[in-house]
Amino acid sequence: QVHLVESGGGLVQPGGSLRLSCEASTFTLDYYAIAWFRQAPGKEREGVSSISQSDGKTYYTDSVKGRFTISRNNAKNTVYLQMNSLKPEDTAVYYCATAWVGSSWYQHPLEVYEYDYWGQGTQVTVSS
């Protein structure tokens with residue numbers, strides 16, 4: 001059974017930073033693209049960032065470009081999302097998810113339907 005665990009969420013003031021982690025405990029992340037999604041109350045789940053499994057190519061939604069950085073450490077079987085200059089509108093539950101990269105993934109790297117397995121999420125709250 002696929003098991004992804006997110007951690008690192010919390011309460012932070014505007015302008016602050018957090019680093020989220022996504023660890024896989026039952027399989028190897030090496031063969032999968034990984035993405036971070038978020039969902040705020042009353043809103044649809046949106047793709048925030050993703051990273052490919054082979055060439056390390058990264059993707060970001062426009063609202064986080066220049067502020068968030070996704071990375072992966074295959075030796076630790078973990079993917080990270082470094083979030084800087086946080087804003088109140090970044091408040092959401094953040095989820096990591098895996099995708100088996102096929103021909104369509106590179107065209108839709110931030111779409112929910114590309115991803116198969118999901119973690120339980122970690123809450124990020126940006127507030128003064």
Side-chain angles (χ1 to χ4, degrees):
Q1 184 175 354
V2 174
H3 191 53
L4 296 169
V5 178
E6 302 96 335
S7 62
L11 173 64
V12 64
Q13 292 187 342
S17 298
L18 285 173
R19 189 177 79 156
L20 304 183
S21 299
C22 172
E23 184 175 3
S25 60
T26 57
F27 67 104
T28 302
L29 286 177
D30 299 29
Y31 305 114
Y32 297 89
I34 309 295
W36 286 95
F37 290 80
R38 66 186 179 188
Q39 188 165 20
K43 294 188 176 182
E44 293 187 355
R45 191 169 296 190
E46 67 164 339
V48 174
S49 180
S50 62
I51 185 167
S52 68
Q53 91 289 12
S54 57
D55 56 10
K57 191 170 177 60
T58 58
Y59 302 86
Y60 299 92
T61 192
D62 287 346
S63 63
V64 308
K65 285 180 181 177
R67 300 189 298 123
F68 290 11
T69 303
I70 191 170
S71 62
R72 63 193 302 161
N73 185 328
N74 288 341
K76 293 186 176 181
N77 217 27
T78 302
V79 173
Y80 305 98
L81 185 67
Q82 178 67 44
M83 305 187 297
N84 299 328
S85 303
L86 282 161
K87 304 175 180 180
E89 51 263 43
D90 294 318
T91 295
V93 177
Y94 283 70
Y95 301 88
C96 65
T98 65
W100 184 259
V101 176
S103 58
S104 68
W105 182 83
Y106 280 97
Q107 298 175 20
H108 310 287
L110 294 176
E111 294 293 342
V112 170
Y113 58 75
E114 290 287 344
Y115 293 84
D116 304 306
Y117 300 107
W118 297 77
Q120 294 300 306
T122 185
Q123 176 70 46
V124 172
T125 302
V126 184
S127 175
S128 55

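Closest approach of Ser63 and Arg38 over heavy atoms only: OG-NH2, 3.3 Å. The minimum heavy-atom distance between Gly121 and Glu6, with the atom names listed, is N-OE1, 2.8 Å. Residues Ala24 and Leu4 approach most closely at CB-CD2, 3.9 Å, considering heavy atoms. What you find for Trp36 and Cys22 is that their closest heavy atoms are CZ2-CB, 3.6 Å.
In the hydrophobic cluster analysis, where Ile, Leu, Val, Met, Phe, Trp and Tyr join through side-chain heavy atoms closer than 4.5 angstrom, Val12 is grouped together with Tyr94. Hydrophobic clustering of Ile, Leu, Val, Met, Phe, Trp and Tyr side chains at less than 4.5 Å, counting indirect connections, keeps Tyr115 apart from Phe68. By the criterion of side-chain heavy atoms lying less than 4.5 angstrom apart, applied directly or through intervening Ile, Leu, Val, Met, Phe, Trp or Tyr residues, Ile51 is not grouped with Tyr106; the two fall into different hydrophobic clusters. A continuous path of ILVMFWY side-chain contacts below 4.5 Å connects Leu18 to Val64, so both sit in one hydrophobic cluster.
Distance OG1/Thr122 to CG/Leu20: 6.0 Å, rounded to 0.5 Å. Put simply, CG on Leu29 and NZ on Lys76 are 14.0 Å apart, with the number rounded to the nearest 0.5 Å. To the nearest 0.5 Å, atoms CG (Asp116) and OH (Tyr32) are separated by 8.0 Å. If you take OH on Tyr117 and OG1 on Thr26, they are separated by 9.5 Å, rounding to the nearest 0.5 Å. If you take CG on Asp90 and OG1 on Thr125, they are separated by 11.0 Å, rounding to the nearest 0.5 Å. Atom OH of Tyr80 is separated from atom CD1 of Ile34 by 12.5 Å, given to the nearest 0.5 angstrom.
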Name the atoms and distances for all side-chain donor-acceptor pairs under 3.5 Å in residues 81-88, with sequence neighbours left out.
{"unit_1": "Gln82", "atom_1": "NE2", "unit_2": "Asn84", "atom_2": "OD1", "d": "2.9"}
{"unit_1": "Asn84", "atom_1": "OD1", "unit_2": "Ser17", "atom_2": "OG", "d": "2.9"}

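Without hydrogens or angle criteria, Gln53 side chain to Asp30 main chain gives no donor-acceptor distance under 3.5 Å. Side chain of Arg72 to main chain of Ser52: a donor-acceptor pair is present (N/O by atom type, distance under 3.5 Å, no hydrogens or angles).
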Could you please spell out the steps behind the side-chain contact (heavy atoms from CB on, under 4.5 Å) verdict for Ser7 and Glu23? CA-CA 8 Å; Ser7 62; Glu23 184 175 3; over 6 Å; no
Run the side-chain contact (heavy atoms from CB on, under 4.5 Å) test on Arg67 and Tyr60 for me, step by step, so that the C-alpha distance in whole Å, both residues' side-chain angles and the decisive distance to 0.1 Å come before the verdict. CA-CA 10 Å; Arg67 300 189 298 123; Tyr60 299 92; over 6 Å; no
side-chain contact (heavy atoms from CB on, under 4.5 Å) between Ser127 and Leu11, intermediate numbers included: CA-CA 7 Å; Ser127 175; Leu11 173 64; 4.2 Å; yes
Run the side-chain contact (heavy atoms from CB on, under 4.5 Å) test on Val48 and Leu110 for me, step by step, so that the C-alpha distance in whole Å, both residues' side-chain angles and the decisive distance to 0.1 Å come before the verdict. CA-CA 7 Å; Val48 174; Leu110 294 176; over 6 Å; no
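Note that Arg45 lies outside the cation-pi zone of Phe37, set by a 6.0 Å cut-off to the ring centre and a 45° limit from the axis.
Within a 6.0 Å radius of CD in Glu89, more than 12 heavy atoms belonging to other residues, nucleotides or ligands are found. Within a 6.0 Å radius of OH in Tyr31, other residues, nucleotides and ligands contribute 12 heavy atoms or fewer. Around CD of Gln123, the count of heavy atoms belonging to other residues, nucleotides or ligands within 6.0 Å exceeds 12.
Ring pair Trp118/Tyr95 is perpendicular by interplanar angle, where above 60° counts as perpendicular and below 30° as parallel. A perpendicular orientation is assigned to the rings of Tyr59 and Trp105, their planes being inclined by more than 60° (bins at 30° and 60°).
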